[in-house]
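Take a look at the structure set out below.
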Amino acid sequence: MGIEQLILDFLAYLELERGLSRNTLGAYRSDLLQLGAFLERRGTRVEEAAHGDLAAFIAELAGTATGAAPGDEGQAPRERAPASAATLGRKVACLRSFYRHLRREEIIAHDPTADLRGPRKTQRLPRVLSRHEVARLLAEPRGGEPRALRDRALLEVMYACGLRVSEAIGLEVSDVDLQERILRARGKGSKQRLVPIGRQAVAALRAYCGRGRPALVGARAQSALFVNHRGAALTRQGLYKIVQGHARRAGLEERMSPHTLRHSFATHLLAGGCDLRSLQEMLGHADLSTTQLYTQLSAERLKEAYFGAHPRASARGAQGASEQPSAERAVEHPVASR
């Protein structure tokens with residue numbers, strides 16, 4: 001079997017058996033085609049690759065490869081920026097999954113990724129907005145035009161429910177129950193979960209579904225909740241433009257990505273006293289350790305509030321500290337009131 005057929009067979013397994021998203025499948029396909037090109041230069045077939053071949057592939061991506069590989073002599077060095085630790089980790093995971101699949105299918109006798117290790121990822125804390133910054137962003141879509149109503153509802157729902165981009169654009173009208181104030185989100189691996197909707201998000205959705213969406217959709221049959229100006233389902237790129245446009249007008253462009261509202265949702269809930277298990281369910285995390293990242297972020301924000309407000313923790317003294325917001329105010333629950 002050629003590499004293209006091996007990849008297609010592997011991706012079909014991931015989609016049908018494990019329910020991975022299209023984005024993940026696309027990334028895995030790109031990774032494996034990149035591996036195939038690398039092995040071709042070395043004169044090695046994918047099924048014949050050894051641990052050293054795969055380690056050399058990862059080293060080249062990391063920018064740490066030294067010397068010419070077999071089959072590379074006489075070729076000009078390839079200029080490429082070193083891949084990040086997160087990207088390398090994903091590629092290693094892809095290779096492991098791919099070669100385990102080949103082993104299960106008895107295409108290979110030994111798994112060359114058994115001892116393959118990726119770089120240690122430095123755990124960066126995600127950026128979040130303060131309550132005041134969230135309020136500025138959510139107030140940005142103004143007026144009663146259909147697009148303004150859509151944008152306000154979209155931003156409110158993403159913050160009120162902590163949705164991923166793919167979950168927001170994948171919402172259908174039937175996924176939202178405004179009477180019960182709850183929605184059904186479809187997360188990674190086609191997993192579904194129910195998430196409560198805050199009061200102001202419900203109000204924004206009522207206005208959008210009552211006046212904004214009908215004007216955008218017109219007479220078309222459309223199941224998607226959020227649509228573009230032509231009445232078609234909103235795309236990832238369309239959502240990104242909406243979020244970035246309002247972030248720029250609110251003076252938050254440097255601090256914003258569509259995922260920032262999800263990070264802010266999680267951090268603000270923890271600061272307000274939400275327990276980890278409940279937050280894990282609302283975010284749709286399979287592993288609690290992923291949710292625990294936000295405890296570090298919440299602790300960092302509490303430290304900032306403490307050192308900015310405590311009269312004997314700041315070099316400015318009691319007078320300067322009295323001008324700062326209190327620590328108690330900093331951990332007020334932000335989502336429940338919305």
Check: [X] side chain, [Y] main-chain N or O, donor-acceptor pair, under 3.5 Å:
X    : Y    : answer
R150 : V227 : yes
S130 : E133 : yes
R103 : A109 : yes
Y208 : L225 : yes
R152 : G143 : yes
S97  : C94  : no
D53  : A50  : yes
N228 : A232 : yes
R230 : V217 : no
E172 : S174 : no

Hey, what do you get for [atom1] ([X]) to [atom2] ([Y]), rounding to the nearest 0.5 Å?
X    : Y    : atom1 : atom2 : result
Q237 : T235 : CD    : OG1   : 4.5 Å
L183 : D177 : CG    : CG    : 10.0 Å
E145 : R211 : CD    : CZ    : 10.5 Å
L163 : I169 : CG    : CD1   : 11.5 Å
M158 : L137 : CE    : CG    : 10.0 Å
F57  : R41  : CZ    : CZ    : 9.0 Å

So, [X] and [Y], do they make that salt bridge, N to O below 4.0 Å?
X    : Y    : value
E254 : R248 : no
E47  : R45  : yes
K91  : D31  : yes

For the residue pair [X] and [Y], what are the closest heavy atoms and their distance?
X    : Y    : result
G170 : D175 : O-OD2, 4.0 Å
G198 : A160 : N-CB, 4.0 Å
G162 : R262 : O-NH1, 2.6 Å
A224 : A233 : CB-CB, 3.6 Å
G212 : L149 : N-CD1, 3.7 Å
R199 : R181 : N-NH2, 3.2 Å

Above 12 or not: heavy atoms from other molecules or residues under 6.0 Å from [atom1] of [X]?
X    : atom1 : result
R220 : CZ    : yes
E105 : CD    : yes
E40  : CD    : no
Q192 : CD    : yes
R29  : CZ    : no

Please determine whether residues [X] and [Y] belong to a single hydrophobic cluster, defined as Ile, Leu, Val, Met, Phe, Trp and Tyr linked transitively by side-chain heavy-atom distances below 4.5 Å.
X    : Y    : answer
L8   : L95  : no
L14  : I108 : yes
L194 : V173 : no
I3   : L32  : yes
L205 : I182 : no

Is any side-chain heavy atom of [X] closer than 4.5 Å to a side-chain heavy atom of [Y]?
X    : Y    : answer
M282 : C274 : yes
R142 : E140 : yes
Q244 : Y240 : yes
I242 : L234 : yes
L154 : L239 : yes
Y99  : V46  : yes
M256 : V243 : yes
P146 : R213 : no

Check your understanding: Run the side-chain contact (heavy atoms from CB on, under 4.5 Å) check on I197 and V176 step by step: do they pass?
Key -> CA-CA 9 Å; I197 314 174; V176 180; 4.0 Å; yes
* To do: Using the side-chain contact (heavy atoms from CB on, under 4.5 Å) rule, take L61 and Q34 through it: C-alpha gap first, then chi angles, then the decisive distance, then the call.
  => CA-CA 10 Å; L61 295 174; Q34 194 174 20; 3.4 Å; yes
Pair L129, T260 - check side-chain contact (heavy atoms from CB on, under 4.5 Å), show working.
CA-CA 7 Å; L129 301 179; T260 304; 3.8 Å; yes
Cation-pi check, R104 onto Y13 ring (under 6.0 Å, within 45° of axis):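 So R104 does make the cation-pi contact.
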Show the numbers, then the answer: is there a ring-ring contact (aromatic ring centres under 6.0 Å, His included) between Y159 and F265? CA-CA 6 Å; Y159 175 62; F265 161 86; 7.1 Å; no
For the residue pair T267 and S264, confirm or rule out a side-chain donor-acceptor distance under 3.5 Å.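 No, S264 and T267 have no side-chain donor paired with an acceptor closer than 3.5 Å.
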Worksheet item: For H51 and D115, does a side-chain donor sit closer than 3.5 Å to a side-chain acceptor?
Response: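 Looking only at side-chain atoms, D115 and H51 do not form any donor-acceptor pair under 3.5 Å.
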Notebook entry, point to check: side chain to side chain contact (heavy atoms under 4.5 Å, CB included) with R96: which of L54, T113, D111?
Noted result: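 Exactly one candidate clears the test, T113.
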Item to check | is_close_aromatic(Y28, F98), centroid dist under 6.0 Å | outcome: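 When the ring centroids of Y28 and F98 are compared, they turn out to be at least 6.0 Å apart.
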Report task. I would like to know whether E281 and V195 meet side-chain contact (heavy atoms from CB on, under 4.5 Å); could you show each step before the answer? Result -> CA-CA 8 Å; E281 287 194 25; V195 188; over 6 Å; no
- Out of R184, R186, R193, which one pairs with E167 under the salt bridge (charged side-chain N to carboxylate O under 4.0 Å, His left out) rule?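 Of R184, R186, R193, salt bridge (charged side-chain N to carboxylate O under 4.0 Å, His left out) with E167 is met by R193 alone.
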